[in-house]
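If you're wondering where the values come from, they're calculated on a predicted model, not measured in any experiment.
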Amino acid sequence: MSSPTTPAAPAAPAGDAPNPVLAEVVRSGFTEGRHRGALVLLNPDGTVGRTLGDVASPVFPRSANKPAQAAAVLRAGLDLSGERLALAAASHSGETFHRALAGEMLKEHGFVEADLGCPPDLPLDREEADNYLAAGNRPARLTMNCSGKHAAMLAACAANGWSHTDYLDADHPYQRLVADTLAKAAGEPVAHTGVDGCGAPLMAISLTGLARMFRHFVTAEPGSAERRVADAMRAHPEYVAGTRRHDTWLMREIPGVLAKMGAEAVQAVALPDGRALALKLDDGGARALGPVLARALRLLGLDAAEHPVLDRVGAAPLHGGGQVVGEVRAAF
């Protein structure tokens with residue numbers, strides 16, 4: 001009698017190679033872990049300057065797609081600006097000012113918190129979450145890091161007379177506008193559509209396309225939807241992320257930089273002269289994102305002596321017994 005067997009995993013396509021190691025986890029002088037991933041750097045003219053790993057296959061950029069979602073709100077005819085437009089492109093930390101503005105945006109367009117399609121959640125920022133819970137609060141839709149984006153989506157529906165109960169359906173007029181905005185900015189079609197953590201349609205493009213998209217936003221004509229989003233994000237970075245987040249630090253401390261991270265260790269950055277980068281760590285290891293990003297920005301031509309924020313972004317110490325005993329560091 002034969003014994004049961006586990007079906008074999010599908011073989012990798014011929015010629016497939018793993019992505020290179022982009023970060024090492026070094027504890028007490030011993031390398032205990034590695035993070036593989038892919039990275040693309042664009043020159044000021046948009047040509048590819050350097051690649052590591054597979055930057056042509058589609059990935060889910062997760063919240064790094066939010067600038068395109070915010071631009072689609074403007075293309076839909078909603079006149080957002082300033083902090084409201086920045087919050088429409090945000091993965092906010094759930095701080096008091098984030099929650100307050102998202103609530104105001106809902107009220108201004110005739111909606112209430114229950115209309116949001118994003119799930120209830122705690123603040124994304126750990127310190128803010130601790131304070132929030134200590135005050136006796138519970139997970140809420142407004143507190144979810146995507147609530148500003150969802151409030152803007154609902155407002156776009158109201159401005160156009162579109163139904164709002166199905167605004168997260170991929171074939172909704174607003175979501176079709178997002179797909180068109182993203183594809184045009186990335187210079188490639190959307191390869192696949194899934195569902196993001198907040199419930200919104202999640203559209204896959206390559207890392208090269210993601211870098212091109214960010215470059216397009218900072219180099220677009222002033223007054224265009226894309227440039228208005230980039231300008232709002234750069235003018236109000238604390239509304240895009242939070243007071244203790246590296247996207248905020250970069251946009252606040254390096255003139256003209258546009259930066260947005262996404263879940264599963266995705267990051268895109270563009271400089272005002274057109275240089276841009278996009279990266280993803282295969283295992284979604286966010287602990288390595290800062291060191292890899294800081295190294296990539298140096299390769300893009302930024303100098304840590306001129307921009308000390310790079311050292312802050314790149315710092316990822318490891319602790320043992322309450323003391324620093326190692327670090328996560330870039331390996332390229």
Side-chain angles (χ1 to χ4, degrees), residues 62-63 65-74 76-168 172 174-175 178 196-201 228-229 231-245 247-248 251-252 260-263:
R62 301 297 297 269
S63 287
N65 274 349
K66 282 181 177 174
Q69 293 170 319
V73 167
L74 298 181
L78 184 67
D79 188 20
L80 285 184
S81 60
E83 293 93 337
R84 284 165 172 75
L85 185 52
L87 194 68
S91 299
H92 66 71
S93 292
E95 296 172 67
T96 302
F97 65 93
H98 296 132
R99 306 195 303 270
L101 184 56
E104 288 177 21
M105 289 169 64
L106 287 172
K107 186 176 180 180
E108 288 165 355
H109 297 279
F111 295 103
V112 296
E113 182 174 358
D115 293 315
L116 292 171
C118 56
D121 205 351
L122 294 173
L124 189 61
D125 180 89
R126 174 63 182 273
E127 183 175 332
E128 192 64 32
D130 289 344
N131 294 335
Y132 182 82
L133 289 171
N137 294 306
R138 303 282 297 172
R141 295 179 191 274
L142 272 178
T143 310
M144 201 268 175
N145 75 88
C146 300
S147 64
K149 176 184 79 174
H150 283 255
M153 289 179 175
L154 287 169
C157 291
N160 286 276
W162 293 331
S163 61
H164 71 271
T165 56
D166 61 346
Y167 77 97
L168 297 181
H172 188 278
Y174 167 75
Q175 300 298 347
V178 173
D196 210 341
C198 67
R228 286 174 63 189
V229 170
D231 289 348
M233 292 174 68
R234 292 181 291 187
H236 306 284
E238 66 278 3
Y239 280 89
V240 177
T243 55
R244 291 175 287 272
R245 304 267 298 285
D247 283 338
T248 298
M251 289 189 283
R252 181 63 70 201
K260 186 71 188 72
M261 70 171 293

Subject >> Option from Arg252, Arg245, Arg244 for which side chain to side chain contact (heavy atoms under 4.5 Å, CB included) with Glu238 holds >> reply: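 By the side chain to side chain contact (heavy atoms under 4.5 Å, CB included) criterion, Glu238 pairs with just one of Arg252, Arg245, Arg244: Arg252.
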
Please tell me if the side chains of [X] and [Y] come closer than 4.5 Å, counting only heavy atoms from C-beta onward.
{"X": "Lys260", "Y": "Ser63", "result": "yes"}
{"X": "Phe97", "Y": "His92", "result": "no"}
{"X": "His236", "Y": "Leu85", "result": "no"}
{"X": "Pro139", "Y": "Met144", "result": "no"}
{"X": "Leu116", "Y": "Leu142", "result": "yes"}
{"X": "Ser147", "Y": "Glu113", "result": "no"}

Original post:
Have Ser91 and Lys149 got a donor and an acceptor in their side chains that come within less than 3.5 Å?
Top reply: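 Result is no, nothing qualifies.
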
Original post:
Is it true that Arg84 and Asp79 make a salt bridge, defined as a side-chain N closer than 4.0 Å to a carboxylate O?
Top reply: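 No.
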
[X] side, atom [atom1]; [Y] side, atom [atom2] - distance, nearest 0.5 Å:
{"X": "Asn160", "Y": "Leu78", "atom1": "CG", "atom2": "CG", "answer": "8.5 Å"}
{"X": "Leu80", "Y": "Glu108", "atom1": "CG", "atom2": "CD", "answer": "8.5 Å"}
{"X": "Asp196", "Y": "Lys66", "atom1": "CG", "atom2": "NZ", "answer": "7.5 Å"}
{"X": "Cys198", "Y": "Leu168", "atom1": "SG", "atom2": "CG", "answer": "7.0 Å"}
{"X": "Leu154", "Y": "His109", "atom1": "CG", "atom2": "NE2", "answer": "10.0 Å"}
{"X": "Met153", "Y": "Trp162", "atom1": "CE", "atom2": "CH2", "answer": "11.5 Å"}

Throw together a table of side-chain donor-acceptor distances under 3.5 angstrom for residues 126-136, partners on residues two or more places apart or in other chains.
| unit_1 | atom_1 | unit_2 | atom_2 | d |
| --- | --- | --- | --- | --- |
| Asn131 | ND2 | Glu127 | O | 3.4 |
| Tyr132 | OH | Arg138 | O | 2.6 |
| Tyr132 | OH | Thr143 | OG1 | 3.1 |

Taking [X] for the side chain and [Y] for the main chain, is one N or O donor matched with an acceptor at less than 3.5 Å?
{"X": "Ser93", "Y": "Leu124", "value": "no"}
{"X": "Arg141", "Y": "Cys118", "value": "yes"}
{"X": "Gln175", "Y": "Pro201", "value": "no"}
{"X": "His172", "Y": "Ser163", "value": "yes"}
{"X": "Glu83", "Y": "Tyr239", "value": "no"}

Taking every non-hydrogen atom, the tightest pair across [X] and [Y]:
{"X": "Gln69", "Y": "Ala200", "result": "NE2-CB, 4.4 Å"}
{"X": "Thr248", "Y": "Pro237", "result": "OG1-O, 3.1 Å"}
{"X": "Ala89", "Y": "Met233", "result": "CB-SD, 3.8 Å"}
{"X": "Ala151", "Y": "Ala102", "result": "CB-O, 4.1 Å"}

